[in-house]
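Chain letters run A, B, ... following the sequence lines, proteins first, then strands; residues in each count from 1.
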There are 2 protein chains.
Amino acid sequence: MNIGQAAEQSGLPAKTIRYYEEIELVRPGRADNGYRDYSEDDLHRLCFLQRSRSLGFSIEECRLLLSLYDDDQRASADVKDIAKKKIKLIEQKIDELNTLKSTLSKLIKSCHGDERPDCPILDDLARNQVRK
Amino acid sequence: MNIGQAAEQSGLPAKTIRYYEEIELVRPGRADNGYRDYSEDDLHRLCFLQRSRSLGFSIEECRLLLSLYDDDQRASADVKDIAKKKIKLIEQKIDELNTLKSTLSKLIKSCHGDERPDCPILDDLARNQVRK
DNA sequence: CTTGACCTTCCCATAACTGTAAGGTTTAGA
DNA sequence: TCTAAACCTTACAGTTATGGGAAGGTCAAG
């Protein structure tokens, strides 16, 4: 299977698939004409990558997950651990964003939004945060 | 004021401050020995940048906010608009993360997490998403 | 036989820094 | 006075995960 088909079926851009080969996440064979040739197994890995990337796992996390997937002896507990840590990070990020949002909301509320040049948002941004 | 002091007082790493100069967000003078010399106004801008970056504004948004700040004639409505759009983006991101989180949570719940090699998380990741 | 849709490699760009190397300056202490 | 630490300088490379585009080879249809 050429890279075009692999792209279509995995949902990944061809460009990205080539990149995944460069960093050795997939190792397709080559046809006589030099074209990459993806096996069912290669395609499977690409789908795995597409899905796990879209779930927010970093490339290195995906590499780890793939190696666990490849390893018939791995314990499901290992995978569960990785996923749990990921959730923690996601929750942290959500918290941060909520804080950000409420700060910005407050600023917006206090801004009259007219043509006058004084603006509580800019004033807040300009406030020294670290200096005493 | 040397870059070290400016860094300490603005809460930005010196490295970052030099970067901000490179992209022309701050333009400190130079002392006779070639060291950067930060005025009160420069420091003010650095604090502004520290604060707005920490609130999630991109560099280019910060550049715009700074230009509005510099311009006594700007309308606070402009700033309010920028902040409102930012909130929308933040809300989007939060939604995405929540979706991610619930998907991962479901996967984790379905995983027994013991020493056995079968793992619903990996199974899900391996499922073809795009292929028919 | 040609056109267009593929495919190849290679290099540059992104955002917003961070790290490192190699060197100049200043300051405090022995 | 010497020296070592703590500053400062520039310049270049690396990071993350791709995306864009050039220059060129291949293949399938008409």
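Ranked by how close their nearest DNA chain C nucleotide is to the 5' end, Tyr35(B) and Glu60(B) are led by Glu60(B). Comparing Lys15(B) and Arg30(A) against DNA chain C, the residue whose closest nucleotide sits nearer the 5' end is Arg30(A). Where Tyr19(A) and Asp32(A) meet DNA chain D, the nucleotide closest to each residue was compared, and Tyr19(A) sits on the side nearer the 5' end.
The two residues Ile87(B) and Ser105(A) have their closest heavy-atom pair at CD1-OG, 3.2 Å.
Of the possible donor and acceptor atoms, none in the side chain of Lys86(B) sits under 3.5 Å from a partner among the backbone N and O of Phe57(B).
The residues Glu21(B) and Arg27(B) are annotated as not salt-bridged, no charged nitrogen and carboxylate oxygen being separated by less than 4.0 angstrom. Between Glu91(B) and Lys88(B) there is no salt bridge, since no side-chain N of the basic residue sits under 4.0 Å from a carboxylate O of the acidic one. Under a 4.0 Å N-O distance rule, the pair Asp70(A)/Arg45(A) qualifies as a salt bridge.
For DNA chain C, the contact window with chain A, defined by any atom under 4.0 Å from a protein heavy atom, covers dC6(C) to dC10(C) in 5' to 3' order. Scanning DNA chain D 5' to 3' for nucleotides with an atom closer than 4.0 angstrom to a non-hydrogen atom of chain A gives a first and last hit of dA17(D) to dC27(D).
For Arg53(A), there are no salt bridge (charged side-chain N to carboxylate O under 4.0 Å, His left out) partners two or more places apart in sequence or in a different chain.
Arg18(B) comes within contact range of at least one nucleobase, with a heavy-atom separation under 4.0 Å. At the heavy-atom level, Ile3(A) lies under 4.0 Å from the strands shown only through sugar-phosphate atoms.
For the atom pair Tyr35(B) OH and Ile3(B) CD1, the distance stands at 11.5 Å (nearest 0.5 Å).
A perpendicular orientation is assigned to the rings of Tyr69(A) and His44(A), their planes being inclined by more than 60° (bins at 30° and 60°).
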